[in-house]
Amino acid sequence: MQNSEIARQFEELADLLEIQGANPFRLRAYRNAARTIWGLPDSVQDIVESNPGELQELPGIGKDLAEKIVIIVETSTLPQLEELKEQIPADVVRMLDIPGIGPKKVAFLFSELSIQSLDDLKAAAENGVIAEQKGFGKKTEQIILEGLEHLSQAGNRVRLAEAKAQSDAIIHDLSQLDSVQQISEAGSCRRRKETVGDLDVLVTSSQPAEVMDALEAHELVNKVLARGDTKQRVRLNSGLELDLRVVPEESYGAALLYFTGSKEHNIVLRRRSQDRGLKLNEYGLFREDELVSGKTEEDVYKTLELPWIPPEIRENRLEFEAAENDSLPDLIELKDIRGDLHMHTTATDGTASILEMAEGAKAKGYQYIAITDHSKRVTMANGLDAKRLRELWKEIDKVQDKISGIQILKGIECDILEDGSMDLPDDVLSEADWVIAVLHYGL
DNA sequence: GCCGTTTTCGGCCCGACTGTTTTCAGTCG
Ligand SMILES: Nc1nc2c(ncn2[C@H]2C[C@H](O)[C@@H](COP(=O)(O)OP(=O)(O)OP(=O)(O)O)O2)c(=O)[nH]1
Ligand SMILES: [Mg+2]
Ligand SMILES: [Mg+2]
């Protein structure tokens, strides 16, 4: 069984128990376990089969959770989970995906109004029953009806590049305002997660309202979803949502720390503060009510006896242990890329010549490239046969004579044909510096 | 349900916004 499936079952268990009103800290334990298992490089099933005692060494996994993990691996499920699923229909759990509707409201709708399905929910909202209930109203009725319409998009995430382009554009424009002092991306975008659930932008300013007015008026912004004195949530035209947080200048570091997250990283920092008789929030690090630090992230980490931790690893996944041991990793950066071993030219479906590719690579600081145009099977890209390939390589020799400081390798992206043989003969492939073997057809 | 170099019991991060409320619960970041 995959780790992700074990993790999913704990998540589901937590959702069901939450609707039942279970102890929130117990739910947190289940969710932390799910997160740990999800992010584990080793197979939990392998651990269970070889040395189940090891499970309890995982952070946040104790005796009970270890036992549950063993049962899930051995029987594919958990009796407790199956029982809860009998009691609470899947549709009722799905109601949690409606923004603004949480476990308390779902529990009320299910147990007091006997709402068992999304259809029941829609009907109850439409005929006004929900709005009459204590703690509910017209607005909640509206939220539910809208939420039901958009349920299929709930929890949608977008790729980092797509998110960052919009975040960068808005940050660029807001940074022009006189009322904006500092501005930064935050959240999962700053942590460079592969996918991003929403955009988070932090601003320091003494005039939050002006900043929010400017965001509202921005061409990428479609709708204001919420607005208070210090934060605003908007929906962009793309459908992505953006959280803007505005704090005073002296809180910049503490607020950036808070808003960059992750949530779990924040909780560890806040516990660490408590242990030292301090309190950490987005406004700073406080002793009693006196500000101790908060101007920069580094200040806050330093007061907590930690080095600055790069956003990319702020996930409470061993970064604190690494920081304590002075063994934080040197993260790979763009400048560490030394070459590119997959490149096309106008000989097939590229748009630049060998020389242009070499010059472009050199400008990026690369030390080597490999020209790897297509082989003949890829007819739509004008793929190379042996003769044209050898001519291209001769051309590479000529270009190599004209440019210094970068090595151009003679390569080929050679198709593996449907029968498993190579698209070009071995003798020509053996002359190459670099061969990419690739499947384009018969997949 | 987990955890502990003060603790094996009693804590568990802390604050903003909204709707429905007349003082705050629920939800969310
Ligand atoms: N202290 C604390 N901080 C939180 C909590 N929830 C969120 N944050 C902080 C850390 C998050 O990275 C940041 C932005 O919240 P988001 O919900 O947008 O999460 P994030 O951007 O990490 O992930 P996302 O890709 O948007 O799902 O706010 C919380 O419960 N407590
Ligand atoms: Mg976010
Ligand atoms: Mg957010």
Side-chain angles (χ1 to χ4, degrees), chain A residues 10 13-14 17-19 21-36 55-69 78 80 95-109 130-144 147 154-155 186-189 197-202 208 212 224-234 241-247 251 254-286 294 300 304 316:
Chain A
F10 280 119
L13 188 54
L17 286 168
E18 192 166 30
I19 292 170
N23 178 338
F25 300 107
R26 196 174 145 221
L27 306 175
R28 178 187 289 178
Y30 286 136
R31 292 190 170 122
N32 283 342
R35 198 171 184 273
T36 299
L55 288 174
Q56 286 194 55
E57 285 164 30
L58 296 172
I61 311 255
K63 189 163 162 294
D64 285 32
L65 280 167
E67 276 172 16
K68 286 186 164 65
I69 291 169
L78 214 51
Q80 183 191 14
M95 294 177 197
L96 292 172
D97 291 337
I98 300 172
I101 302 300
K104 295 279 173 16
K105 287 202 160 67
V106 169
F108 179 91
L109 294 168
I130 288 177
E132 293 166 3
Q133 307 301 316
K134 184 155 171 281
F136 292 74
K138 271 284 160 204
K139 195 80 194 185
T140 312
E141 175 185 290
Q142 201 51 42
I143 282 173
I144 288 173
S188 51
C189 197
D198 71 357
L199 303 180
D200 301 282
V201 173
L202 176 72
M212 292 185 203
V224 178
L225 302 172
R227 175 170 171 165
D229 296 335
T230 72
K231 68 187 208 187
Q232 183 180 35
R233 185 167 176 88
V234 298
E241 294 178 1
L242 180 148
D243 286 311
L244 172 71
R245 188 71 202 262
V246 189
V247 299
S251 299
L256 188 57
L257 203 48
Y258 151 72
F259 215 26
T260 297
S262 66
K263 173 183 168 181
E264 290 74 14
H265 185 89
N266 289 351
I267 290 176
V268 173
L269 288 178
R270 286 167 184 213
R271 293 231 43 193
R272 200 179 166 93
S273 305
Q274 292 178 326
D275 291 345
R276 287 164 172 70
L278 301 165
K279 182 181 73 173
L280 177 62
N281 58 29
E282 60 266 50
Y283 298 105
L285 191 53
F286 298 86
V300 177
L304 296 175
N316 189 22

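Side chains are part of it too, since the values below use all heavy atoms of this structure and drop only hydrogens, waters and symmetry mates. Quick note on labels: first sequence line is chain A, next is B, and so on, each numbered from 1.
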Q: Would you mind telling me which residue lines up with the more 5' stretch of DNA chain B, A:Gly228 or A:Lys68, judged by nearest nucleotide?
A: A:Lys68

Q: Can you sort out the partners of A:Asp243 under side chain to side chain contact (heavy atoms under 4.5 Å, CB included), two or more places apart, ordered by chain and number?
A: A:Asp198, A:Asp200, A:Arg233, A:Phe259

**Q.** Set of residues satisfying ring pair (Phe, Tyr, Trp, His ring centres under 6.0 Å) with respect to A:Phe25, sequence neighbours excluded
**A.** none

Q: For nucleotides B:dT8 and B:dT22, find the distance between their C1' atoms and express it as a whole number of Å.
A: 45 Å

Q | Phosphate contact (B:dC14 OP1 or OP2) by A:Lys263 side-chain N/O below 4.0 Å | A | no

Q) Which nucleotide in the list B:dT20, B:dG1, B:dG29 gets nearest to the side chain of A:Phe259? A) B:dG29

Protein-nucleic acid N or O pairs under 3.5 Å, nucleotides 25-28 of chain B:
unit_1, atom_1, unit_2, atom_2, d
B:dT27, OP1, A:Gly102, N, 2.7
B:dT27, OP1, A:Gly102, O, 3.1
B:dT27, OP1, A:Lys105, N, 3.0
B:dT27, OP2, A:Lys104, N, 3.1
B:dT27, O5', A:Gly102, N, 3.4
B:dC28, OP1, A:Gly100, N, 2.8

Q | Pairing residues for A:Thr260 by the side-chain hydrogen bond (donor to acceptor under 3.5 Å, both in side chains) criterion, not counting sequence neighbours | A | A:Arg190

Q) Is the shortest distance from a Lys or Arg side-chain nitrogen in A:Lys231 or A:Glu282 to a carboxylate oxygen in the other one below 4.0 Å? A) no

Q. If you take all heavy atoms of A:Leu13 and A:Leu78, which pair is closest and at what distance?
A. CD2-CD2, 3.8 Å

Find every protein N or O atom lying less than 3.5 Å from an N or O atom of nucleotides 6-12 of chain B, and list the pairs.
unit_1, atom_1, unit_2, atom_2, d
B:dC12, O3', A:Arg28, NH1, 3.4

Q: Sort out the partner of B:dG1 for me: Watson-Crick or G-U wobble, both distances under 3.5 Å, none otherwise.
A: B:dC12

Q. Would A:Lys105 count as a cation-pi partner of A:Phe136, with NZ or CZ less than 6.0 Å from the six-membered ring centre and within 45° of the ring normal?
A. yes

Q) Does a nitrogen or oxygen in the side chain of A:Ser273 sit under 4.0 Å from OP1 or OP2 of B:dC13? A) no

Q. Listed by chain and number, what are the salt bridge (charged side-chain N to carboxylate O under 4.0 Å, His left out) partners of A:Arg26, not counting sequence neighbours?
A. none

Q. What is the nucleic acid contact for A:Leu269, judged by heavy atoms within less than 4.0 Å: base, sugar-phosphate only, or nothing?
A. nothing

Q.
Can you measure A:Arg272 atom CZ to B:dC3 atom C1' for me and round it to whole angstrom units?
A. 17 Å

Q. B:dG1 phosphate, OP1 or OP2: any side-chain N/O from A:Arg26 under 4.0 angstrom?
A. yes

Q: Using salt bridge (charged side-chain N to carboxylate O under 4.0 Å, His left out) as the criterion, list what pairs up with A:Lys63, not counting sequence neighbours.
A: A:Glu67

**Q.** Which residues share a ring pair (Phe, Tyr, Trp, His ring centres under 6.0 Å) with A:Phe286, sequence neighbours left out
**A.** none

Q: Take atom P in B:dC13 and the same atom in B:dT18, then report the distance between them in whole Å.
A: 26 Å

Q: Taking atom P in both B:dT21 and B:dG4, compute the distance separating them and give it to the nearest angstrom.
A: 45 Å

Q. Who pairs with A:Arg270 by side-chain hydrogen bond (donor to acceptor under 3.5 Å, both in side chains), at least two apart in sequence or on another chain?
A. none

Q: Considering only atom C1', compute the distance from B:dC12 to B:dT7 and round it to an integer number of Å.
A: 14 Å

Q: Would you kindly check whether a donor in the side chain of A:Tyr258 faces an acceptor in the base of B:dG15, or vice versa, at under 3.5 angstrom?
A: no

Q. If we take the P atom in both B:dT6 and B:dC2, what is their distance in whole Å?
A. 24 Å

(Q) By the 4.0 Å heavy-atom rule, please label A:Asn266 as base, sugar-phosphate, or nothing. (A) nothing

Q: Between B:dC2, B:dC14, B:dT18, spot the one nearest the side chain of A:Ala226, thanks.
A: B:dT18

Q. B:dC17 phosphate, OP1 or OP2: any side-chain N/O from A:Thr230 under 4.0 angstrom?
A. yes

Q) Which value, in whole Å, describes the distance between the P atoms of nucleotides B:dT20 and B:dC28? A) 15 Å

